[in-house]
Each structure stands twice: as structure tokens, then as C-alpha cells.
Amino acid sequence: MAAAQRKPRIVLAYSGGLDTTVAIPWLKEQFDADVITLTVDVGQPQDMEEARRRAVAIGAKKALVVDGREVFLREFVWPAFKAGAVYEGVYPLATALSRPLIARCLAEAAQKEGAFAVAHGCTGKGNDQVRIELGIMALAPDVKVIAPAREWGMSREEEVEYLRQRKLPTPPPKTTKYSIDENLWGRSVEAGPLEDPWNEPPEEAYAWTASAAKTPAEPAYLELEFTEGVLASISGETADPIGLVEHLNTLAGRHGVGRIDHLEDRLVGIKSREVYEAPAAVVLHKARAALEAMTLTKEQLRFRDLVAQQYADLVYNGQWFSAHRQDLDAYAGSLMQYVSGTVRVRLHRGNATVVGRKSPHALYSYQLATYDKADTFDHKASGGFIQVYGLPIKTQNRRKRAGRSP
Ligand code: ARG
């Protein structure tokens with residue numbers, strides 16, 4: 001008797017939520033395939049064992065779990081951070097940075113498991129579908145991508161019914177009106193009452209940050225030490241990157257720092273109301289920028305702004321695996337050679353304020369800046385400088401007065 005033919009395999013990015021849970025039986029039926037789930041731990045508050053059990057209980061052939069936390073920080077968060085990438089000036093890109101990592105894990109798992117396809121639970125209206133699929137196109141172009149939630153057109157109720165009809169366990173009912181995505185670098189909240197941009201975000205939308213009224217009356221001071229643009233210690237305490245970021249999220253969140261309320265431009269052309277909590281990211285971007293202001297020239301700072309915006313847009317738009325990103329990394333890496341030192345930050349009532357900075361690479365010179373007798377600046381030289389610098393404006397206005405220019 002011929003050996004039973006192995007079924008085709010699909011690797012599904014599994015969050016443990018309803019959509020990806022329903023995707024397991026749906027994919028099995030549509031493609032007569034085995035489904036292998038993959039859950040990537042990027043620091044979301046989720047019991048990974050529970051996710052594994054649920055996937056298998058619902059019919060996954062195998063449930064893979066990858067601890068991606070350190071790689072996430074080292075290979076995705078820090079490069080974007082060094083480039084100063086903050087989308088539309090406010091969003092530190094927590095969700096956006098995790099998607100290329102998830103795509104890479106999917107591509108690797110598909111190869112290892114000999115899967116013909118990968119699948120994800122993203123809807124057709126968001127950015128995440130683009131980020132994951134561009135990642136697969138870059139890393140595993142021969143692997144098919146399936147997006148069940150974009151195809152089946154089921155409501156939440158219909159999804160639960162779908163599981164019931166098949167006598168499959170249904171996940172615990174939704175306890176929040178929001179759509180939430182979390183990782184080490186931040187928390188994003190969408191939908192529910194936030195869909196009316198006029199509504200102030202209800203307190204219940206927040207989980208990582210205290211409301212200003214409930215923060216400690218006394219400010220807290222932190223000393224953030226950076227080595228070439230990367231956080232090395234907090235007030236003298238060192239830890240692995242995960243420990244440092246978690247610690248800073250707690251410290252700053254307690255003081256209500258890191259709340260962001262943004263009307264954002266999605267890649268698919270929709271403006272959407274997004275609420276974020278990113279205490280560590282907000283504090284770190286501020287602190288790094290303060291150190292840059294001290295150690296970089298005016299020209300470097302101006303150009304850095306352009307790079308930061310390019311970088312933020314490409315991360316947001318799913319272009320992580322691009323040559324452009326590599327080029328910008330090279331620039332940011334070169335720039336960060338100067339960005340070592342310590343920044344003093346005060347946390348108080350929802351604000352993080354830089355109150356001090358020092359660096360071995362400081363371009364700030366006390367002797368040049370001071371107004372007291374240590375002053376070494378050549379005051380007289382400014383007279384000649386102004387004569388030359390002002391020449392064009394003098395010439396132009398002379399012509400104007402004579403009625404010879406518009
Ligand atoms: N708008 C953000 C982004 O596109 C976050 C989306 C995360 N999803 C969520 N359900 N909150 O990066």
C-alpha cells in the first residue's frame with residue numbers, strides 16, 4: 001500500500017485572537033492543508049503556552065512559539081531609533097517595527113516546515129497586511145500569502161458561529177471595545193469610542209500610563225546613558241536591553257509619560273484615530289535628540305531630520321527589507337558615532353523634560369558660550385563677519401529702494 005500522501009502545509013501567524021483562531025479550521029477546509037501556527041513573542045502580555053494549547057485544541061497540526069523579544073529590540077527597534085524614526089512626528093512605530101520580524105519568522109518557518117503558503121489575520125484596511133506581505137515578497141517570494149480575514153467577510157458573531165457549527169472551542173468573549181496591539185516598544189489602541197475624533201480617549205483605553213491626576217506629586221529624575229545612540233544604563237543601572245526598556249516603560253508610565261493621541265495617515269489612504277502608549281520610546285527619543293543637539297553640527301542635525309522622516313515613512317509603509325533602509329542605516333550608524341553621553345530627564349505629571357546633558361563629544365564650549373570673564377570668543381571679528389554676511393541683503397534692498405527690482 002502506498003504511504004499516505006503528506007498534506008500541503010500552511011504556516012499561520014497566530015495571535016490567539018478570534019480572527020486567527022477561526023483561520024485555523026478555515027484554512028484547513030479551504031486548502032485541504034495542515035495548519036502550523038506561529039506566535040512571535042515581542043513582549044505582548046500573552047501566555048505563550050496558552051496560545052500554543054489553544055491553537056492545537058482548535059486543530060493546528062503544530063504550534064510554534066518564538067521568543068523574538070531581544071531580536072526585536074536589537075535588529076528592528078534600535079536601528080529605527082538611531083535614525084530618529086517617529087511617524088508623523090509622534091508615533092514611535094511599535095506595531096510597524098514588529099511586522100517585518102513576524103514576516104521573517106513566517107518565511108523561516110515556511111521554509112523549515114516545507115509549507116507552500118503563509119497566512120495572517122490582518123484585515124484589508126490596515127497597514128499590517130502590507131508590512132507582512134512585503135516582508136514575505138522580499139524573503140520568500142515563492143511562498144503564497146493567504147489573508148483569510150480579507151476574504152471571508154464574516155462578522156465577529158459569524159466567526160463565533162463558524163466555530164460552534166464545527167463544535168470547536170470558542171475563545172473567551174472580548175472584554176474590550178478596543179483593538180489593541182502591544183509589544184516592548186509600545187501599545188496601540190484603535191476603534192470603539194476613539195473612532196469619533198472629537199471624543200477624548202476614555203481613561204480605560206490606557207493600560208501602561210497613569211492619568212496625570214494620579215501621578216506622584218514629586219518628580220522623578222533619571223540619568224539615561226547612551227553609547228553610540230543606544231541606551232546603556234538608567235541612573236547607573238545596567239541590564240539587558242529588554243530589562244532596560246521594560247524598566248523605563250514602568251518608570252515613565254507611572255508618571256503618565258508616553259500618551260499619544262494621533263489622527264494618522266494609513267498607507268491605504270484612510271485617516272484613522274490612533275491612541276498610543278509608549279513611555280520608554282517617548283523618553284528615549286527625547287533624550288537622544290537632546291544628546292544630538294549637543295554633539296552634532298547644525299548641518300548634521302538638519303540632514304538627520306530628513307533621514308528620520310524617510311526612515312519613519314519606510315517603516316510605516318512596510319519597506320523594511322529595502323536597500324533604502326540599508327542606506328539610511330549606514331548614515332544613522334555613522335552619525336551615532338558622536339551620540340554618546342548622559343541625559344538627565346525629569347518625569348512629572350505626564351511630561352518628560354530634558355533638564356541636563358553631557359557628552360565626551362560635546363560641541364558645546366563653555367569658553368565660547370559664556371558671558372563671564374572666561375570668554376574666549378573674538379567679539380570684534382563679528383563686525384567683519386556681519387559686513388560680509390549682510391552684503392547680499394544690502395545690495396538687494398538698495399536696488400529695491402531705487403525702484404529697480406520688484
Ligand atoms: N496604526 C498603527 C500602525 O499602523 C497601529 C495599528 C495596530 N493595530 C491595532 N489593532 N491597534 O502601525
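Atoms within each ligand, like the ligands themselves, are counted from 1 in listed order. Just so we're clear, the structure is a prediction, and the values are computed from it rather than from any experiment.
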Check each atom of ligand 1 against the heavy atoms of [X] and keep those under 4.0 Å away; list them by number with element.
X: Glu274; value: 1 (N), 2 (C), 5 (C)
X: Asp181; value: 7 (C), 8 (N), 9 (C), 11 (N)
X: Arg131; value: 3 (C), 4 (O), 12 (O)

[atom]: nearest protein contact (heavy atom, Å):
atom: atom 10 (N) of ligand 1; value: Ser179 OG, 2.5 Å
atom: atom 4 (O) of ligand 1; value: Asn127 ND2, 2.7 Å
atom: atom 12 (O) of ligand 1; value: Tyr91 OH, 2.6 Å
atom: atom 11 (N) of ligand 1; value: Ser188 OG, 2.6 Å
atom: atom 2 (C) of ligand 1; value: Tyr276 OH, 3.1 Å
atom: atom 6 (C) of ligand 1; value: Glu190 OE2, 3.3 Å

Mind checking whether Asp128 has an N or O less than 3.5 Å away from an N or O of ligand 1?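 N/O-N/O distance below 3.5 Å does not exist for this pair.
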Which pairs pass salt bridge (Lys or Arg N to Asp or Glu O under 4.0 Å) with one or both residues in residues 73-89, sequence neighbours excluded?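 Found Glu70-Arg74, Glu75-Arg104.
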Residue part near ligand 1, for Glu264, under 4.0 Å between non-hydrogen atoms: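 Just the side chain.
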Determine whether the side chain, the backbone, both or neither of Arg187 has a heavy atom under 4.0 Å from any heavy atom of ligand 1. neither
Just by modelled atom types, is the Gly43 backbone N or O under 3.5 Å from a matching donor or acceptor in the Asp41 side chain?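 Answer holds: yes.
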Mind jotting down which residue pairs meet the ring pair (Phe, Tyr, Trp, His ring centres under 6.0 Å) criterion with at least one end in residues 226-277? Sequence neighbours excluded, please. Tyr91-Tyr276
Between Arg9 and Phe31, is NZ or CZ placed under 6.0 angstrom from the six-membered ring centre and within 45° of the ring axis?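 Not flagged: Arg9 not positioned over aromatic ring of Phe31.
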Before accepting this row, confirm whether a basic side-chain N of the pair Glu113/Lys7 lies closer than 4.0 Å to the acidic partner's carboxylate O. no
State, yes or no, whether a side-chain contact exists between Arg325 and Gln319 at a heavy-atom distance under 4.5 Å. no
Would you say that Leu134 contacts Trp320 through its side chain, given a criterion of any heavy-atom pair below 4.5 Å between the two side chains? no
Examine the side chains of Asp265 and Tyr87 and answer whether a donor and an acceptor come within less than 3.5 Å of each other. no
Of all the heavy atoms in Tyr178, does at least one lie under 4.0 Å from an atom in ligand 1?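 So Tyr178 does not count as touching ligand 1.
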Walk me through it: do Trp185 and Phe72 pass the test ring-ring contact (aromatic ring centres under 6.0 Å, His included)? CA-CA 9 Å; Trp185 199 231; Phe72 177 51; 8.1 Å; no
